[in-house]
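Single-structure report; data block below.
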Amino acid sequence: VQLQASGGGLVQAGGSLRLSCAASGSIFSINSMGWYRQAPGKQRELVGAITSAGSTYYADSVKGRFIISRDNAKNTVYLQMNSLKPEDTAVYYCNLRDGKYYWGQGTQVTVSS
């Protein structure tokens, strides 16, 4: 299984970015896809996740600002990030769990103040 993430970049505070992550390979149909992030000097943390049935989870720090969605036919997960803050700056990693864990390569998101 391979995960290909895209969509990171540099944005001013208050702006928006959309991340995408496409999974390919042999994937169990019942799974969860999500996004983690890791800022310099900090532990990797879960930002949001969505199951193949559509149930979602968000970290408290992003509730009301970020929206996670997925296209099951394309095995793709999206993270719409709105009202970005400098503290959202991190490398964002997509993740797929179907009994095993798979990780994407990470994409940098930088929010300037």
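Computed from a predicted model, the values in this text were never measured in an experiment.
Screening T107, T89, V91, D88 for a side-chain contact (heavy atoms from CB on, under 4.5 Å) involving R37 leaves a single residue, D88.
Distance alone, capped at 3.5 Å, places no donor-acceptor pair between the T76 side chain and the D71 backbone.
Here the straight-line distance linking atom CG of N95 with atom SG of C21 works out to 8.5 Å at 0.5 Å rounding. Residue C94 holds its SG atom at 4.5 Å from CG of L3, rounded to the nearest 0.5 Å. D98 CG to S26 OG: the interatomic distance, rounded to the nearest 0.5 Å, is 8.0 Å. Taken to the nearest 0.5 Å, the CZ atom of R70 stands 13.5 Å off from the CG atom of L79. If you take OH on Y78 and CH2 on W35, they are separated by 10.5 Å, rounding to the nearest 0.5 Å. Atoms CG and OG, on L96 and S32 in that order, are 7.5 Å from each other to the nearest 0.5 Å.
Among all heavy-atom pairs drawn from D60 and K63, the shortest one is OD1-NZ, 3.1 Å. Between V47 and F66, the closest heavy-atom pair is CG1-CD2, 3.7 Å.
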Anything under 3.5 Å between a donor and an acceptor, one on a side chain of residues 6-19, the other on a protein residue two or more places apart or in another chain? List them.
| unit_1 | atom_1 | unit_2 | atom_2 | d |
| --- | --- | --- | --- | --- |
| S16 | OG | N82 | OD1 | 3.0 |

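Each ring-ring contact (aromatic ring centres under 6.0 Å, His included) pair with one or both residues in residues 92-113, not counting sequence neighbours, appears once here: Y36-W103.
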Item to check | Trace of the side chain to side chain contact (heavy atoms under 4.5 Å, CB included) decision for R65 with K85 | outcome: CA-CA 10 Å; R65 301 189 297 122; K85 303 175 180 180; 3.8 Å; yes

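Crowding of Q105 atom CD: a count of heavy atoms from other residues, nucleotides or ligands under 6.0 Å exceeding 12.
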